[in-house]
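Everything on this sheet refers to the single structure shown next.
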Number of protein chains: 2
Amino acid sequence: MPRTNRTRYTILGVLTHGAMSGYDVKSFIERSIGNFWRESYGQIYPTLKALEAEGLVDRERREGSGRPDRNVYSITRRGSETLREWLVLPAEPEIPRHELLLKLFFGAQVDPEDNLRHIARYRAQAAEALVMLRSTSERLIVSRPDAADLPFWLLGIRLGVMVNEGVVDWCAEAEAVLRGATTAEDLFVT
Amino acid sequence: MPRTNRTRYTILGVLTHGAMSGYDVKSFIERSIGNFWRESYGQIYPTLKALEAEGLVDRERREGSGRPDRNVYSITRRGSETLREWLVLPAEPEIPRHELLLKLFFGAQVDPEDNLRHIARYRAQAAEALVMLRSTSERLIVSRPDAADLPFWLLGIRLGVMVNEGVVDWCAEAEAVLRGATTAEDLFVT
DNA sequence: GCCATCATGTAATCTGTTACATGATTAT
DNA sequence: ATAATCATGTAACAGATTACATGATGGC
């Protein structure tokens with residue numbers, strides 16, 4: 001059994017926030033869940049077509065005044081049902097792939113400075129993510145204090161904050177170990 | 001440009017730990033880096049063939065006494081160089097996909113209990129992972145205290161511990177929010 | 001007797017990215 | 001001028017999983 005196609009459900013879920021075009025779906029995903037989910041046009045456009053053929057979304061053609069014509073999609077009753085059926089199913093555990101850890105695992109093959117460069121880059125990415133996450137949470141709290149999905153959005157951001165804080169702490173530990181200031185064993189004793 | 005094929009380098013890296021068969025490569029990956037990396041036979045066997053054709057690994061056929069014959073692969077000098085070239089390159093950021101957060105993002109579409117079930121399952125997985133990670137670290141520290149790669153192995157485990165501890169904490173917060181005991185906004189104030 | 005482990009490999013299939021093609025409008 | 005945004009779509013291709021095929025040995 002191949003992995004279930006989650007693009008379908010992502011699009012259906014996005015369309016519960018209102019009718020929109022494929023282009024809009026993409027930018028909605030980037031702005032709202034881009035932190036933990038991504039879709040490309042190469043997936044979105046064909047999937048929208050398939051969803052329409054299955055009666056899970058409706059399409060309405062809108063003449064673009066000046067702008068290109070848009071296909072505006074809205075979710076159907078059957079689409080909502082299909083979405084809810086999937087939402088209550090247990091989330092499949094993600095297949096783990098962490099290239100940084102993979103490279104570090106083979107770190108004995110390269111110079112210590114190479115490993116330290118990896119860590120520094122990783123810490124910078126996590127720190128940058130934290131800034132983004134915190135500013136997004138603030139913006140949401142002031143601009144949409146009454147939205148029904150606000151708690152769900154904030155919980156996603158909150159997990160990102162906690163994980164990235166952990167990453168930043170780990171980077172400090174990793175640097176200490178790679179510089180020889182600590183042994184890795186000590187990390188587990190304390 | 002397609003994403004670089006990391007299976008190649010994973011196999012080369014594994015073979016720095018000694019000559020072994022495709023079967024061994026798979027079980028080595030599962031036991032050592034299974035926590036953050038996975039490969040299937042469907043990838044390993046064809047990749048080993050390709051690596052041999054490129055002169056990055058050598059193959060030696062060993063008659064199995066009783067057992068099936070084995071193809072034992074060892075990394076060549078050129079293989080080691082190719083590996084090191086890749087190891088020093090910046091790790092490509094993983095494309096994020098987190099099905100649990102995706103489902104939770106659309107959580108307003110289902111009953112609160114459905115969301116709570118997701119969280120409970122997620123916490124159980126993280127708790128189980130923590131038990132595994134801690135016991136692995138202890139086993140490594142006592143059994144291979146002198147191995148040159150021990151610090152690298154332990155650092156990988158340590159990140160897993162820190163991230164999963166964060167996940168467990170987050171699950172408690174998420175449950176409080178979903179039960180209405182706290183508001184999501186409060187999570188960001190404190 | 002049966003299951004786990006050892007052992008190799010192919011085929012079918014899917015998911016998903018990237019590049020390409022096209023072209024108007026608006027803001028800088 | 002020119003870059004960014006709006007807007008839709010296809011084609012090529014790679015990465016990866018799963019299922020299938022085959023078969024022996026050794027422990028319970």
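Throughout, a chain's letter reflects where its sequence line sits, starting with A, and its residues are numbered from 1.
- Using a 4.5 Å heavy-atom cutoff, the side chains of A:L155 and B:W170 are in contact.
- Projected onto DNA chain C by closest heavy-atom contact, B:R59 and A:G42 fall at different nucleotides, the more 5' of which corresponds to B:R59.
- For DNA chain C, no neighbouring residue in residues 20-33 of chain A is found when judged by any heavy atom under 4.0 Å.
- Contact check for B:N35 versus A:L101: no side-chain heavy atoms found under the 4.5 Å cut-off.
- The distance between atom CD of A:E39 and atom P of C:dT18, rounded to the nearest whole Å, is 13 Å.
- A straight line from CD of A:E94 to C1' of D:dA16 spans 14 Å, rounded to a whole angstrom.
- Taking 4.5 Å as the limit, every side-chain heavy atom of B:Q43 sits out of range of all side-chain heavy atoms of B:I11.
- Salt-bridge formation is detected for the pair B:K26/B:E30: a Lys NZ or Arg NE/NH1/NH2 atom is positioned less than 4.0 Å from an Asp or Glu carboxylate oxygen.
- Between A:R8 atom CZ and C:dG16 atom C1' there is a gap of 16 Å when expressed in whole angstrom units.
- In A:E128, the CD atom is not crowded: 12 or fewer heavy atoms of neighbouring residues, nucleotides or ligands sit closer than 6.0 Å.
- Along DNA chain C, the nucleotide closest to A:Y41 and the one closest to B:N71 are compared, and the more 5′ of them pairs with B:N71.
- Annotation: A:R61, atom CZ; neighbour count of heavy atoms from other residues, nucleotides and ligands within 6.0 Å is above 12.
- The distance from atom CZ of A:R97 to atom P of C:dG16 is 14 Å, rounded to the nearest whole Å.
- Taking side-chain N and O atoms only, A:R6 has a distance below 4.0 Å to OP1 or OP2 of C:dG16.
- When rounded to the nearest whole Å, the span between OH of B:Y9 and P of D:dA16 equals 13 Å.
- The closest side-chain heavy-atom distance from B:Y73 to B:V25 is not below 4.5 Å.
- Following rounding to the nearest Å, A:E60 (CD) and D:dT8 (P) show an atom-to-atom distance of 13 Å.
- In this structure, A:R70 atom CZ and D:dT5 atom P are separated by 16 Å, rounded to whole Å.
- Residues passing the side-chain hydrogen bond (donor to acceptor under 3.5 Å, both in side chains) test with A:R179: none are found, sequence neighbours excluded.
- Considering only the side chain of A:S40, C:dT18 comes nearest among C:dT18, C:dA7, D:dA16.
- Taking every side-chain heavy atom of B:N5 into account, D:dA16 is the closest of D:dT8, D:dA16, C:dT17.
- Taking every heavy atom of residues 44-54 of chain A and every atom of DNA chain C, no pair lies under 4.0 Å.
- Taking 4.5 Å as the limit, every side-chain heavy atom of A:T82 sits out of range of all side-chain heavy atoms of A:E54.
- Residues passing the side-chain hydrogen bond (donor to acceptor under 3.5 Å, both in side chains) test with B:R139, sequence neighbours excluded: none.
- Every residue meeting the salt bridge (charged side-chain N to carboxylate O under 4.0 Å, His left out) condition with B:R97, not counting sequence neighbours, appears here in chain and number order: A:E39.
- Contact between the side-chain N/O atoms of A:T7 and the OP1/OP2 oxygens of C:dT15 is not found at any separation under 4.0 Å.
- With contacts defined as side-chain heavy-atom distances shorter than 4.5 Å, the pair B:L83/A:Q109 qualifies.
- For the helix from C:dG1-D:dC28 to C:dT28-D:dA1, the axis fitted to the five pairs at one end and the axis fitted to the five pairs at the other end meet at an angle of 40° (nearest 10 degrees).
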